[in-house]
Amino acid sequence: YFAAWVRTDRATNDLVRLTMERRETTTTNFTAIASGSASGNGWTWLSGYHTPPPTGAVTALKFFVEGPAPGVALFVDDAYAAPCLLYTSD
């Protein structure tokens, strides 16, 4: 589970995304976790889940917030990452 509060310095809305980068030995993949509109009019809560596939030799996982166009300030508060518990039935 990944989440963050986001806002920009503009009165108009800009697209902001939570993204996971997964690196393996020879490849890099990017997965969208959540997206939404953010502006300077208040904080926007973005949250979502990401579970890497159980295959491949993962060498790095990076969670990041990406967003508005160059020149637009992006503010991030209370970014959060938590493990999810997986239950299986026998």
Side-chain angles (χ1 to χ4, degrees):
Y1 178 76
F2 299 89
W5 288 100
V6 296
R7 72 183 298 166
T8 67
D9 64 348
R10 294 189 342 165
T12 57
N13 287 332
D14 286 286
L15 180 65
V16 178
R17 294 179 296 277
L18 304 182
T19 303
M20 178 63 68
E21 176 185 345
R22 179 173 51 94
R23 290 186 182 187
E24 296 182 3
T25 305
T26 59
T27 61
T28 301
N29 296 296
F30 297 89
T31 303
I33 297 171
S35 64
S37 294
S39 72
N41 297 322
W43 291 94
T44 299
W45 177 250
L46 298 179
S47 65
Y49 294 90
H50 175 72
T51 303
T55 59
V58 176
T59 59
L61 287 173
K62 294 181 184 177
F63 163 64
F64 58 97
V65 181
E66 58 182 333
V72 178
L74 174 64
F75 303 96
V76 179
D77 195 15
D78 295 330
Y80 184 75
C84 292
L85 300 176
L86 300 177
Y87 295 96
T88 59
S89 59
D90 293 326

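In this chain, numbering begins with 1 at the start of the sequence shown.
- Counting all heavy atoms, side chain and backbone alike, Glu24 lies closest to Thr59 at O-OG1, 3.8 Å.
- Contact record, Lys62 with Arg23: NZ-NH2, 3.8 Å, taken as the closest heavy-atom pair.
- Linking Ile, Leu, Val, Met, Phe, Trp and Tyr whenever their side-chain heavy atoms come within less than 4.5 Å puts Leu61 and Phe63 in one cluster.
- For Thr44 (side chain) and Ser37 (main-chain N/O), a donor-acceptor pair under 3.5 Å exists by modelled atom type.
- Contact between Ser47 and Ala34 at its shortest, heavy atoms only, is O-CB, 3.3 Å.
- At a threshold of 4.5 Å between side-chain heavy atoms, the hydrophobic network of Ile, Leu, Val, Met, Phe, Trp and Tyr places Trp5 and Val76 in two separate groups.
- Note that CZ of Phe30 is 4.0 Å distant from CD of Glu21, once rounded to the nearest 0.5 Å.
- Here the CE atom belonging to Met20 is positioned 12.0 Å from the CG atom belonging to Asn29, to the nearest 0.5 angstrom.
- One distance of note links CG of Leu18 with OG1 of Thr31; it measures 12.5 Å at 0.5 Å rounding.
- Thr19 and Ile33 get closest at one heavy-atom pair: C-CD1, 4.0 Å.
- A heavy-atom distance below 4.5 Å is not found between the side chains of Leu46 and Ser35.
- A single hydrophobic cluster is not seen to contain both Trp43 and Leu74; linkage of ILVMFWY side chains at heavy-atom distances under 4.5 Å, directly or through other members, places them apart.
- Taking the six-membered ring for Trp and thresholds of 30 and 60 degrees, Tyr80 and Tyr1 have ring planes more than 60 degrees apart, a perpendicular arrangement.
- Between Ala73 and Asp9, the shortest heavy-atom contact is N-OD1, 3.2 Å.
- Nearest approach of Asn13 to Ser39, heavy atoms of both residues: OD1-CB, 3.5 Å.
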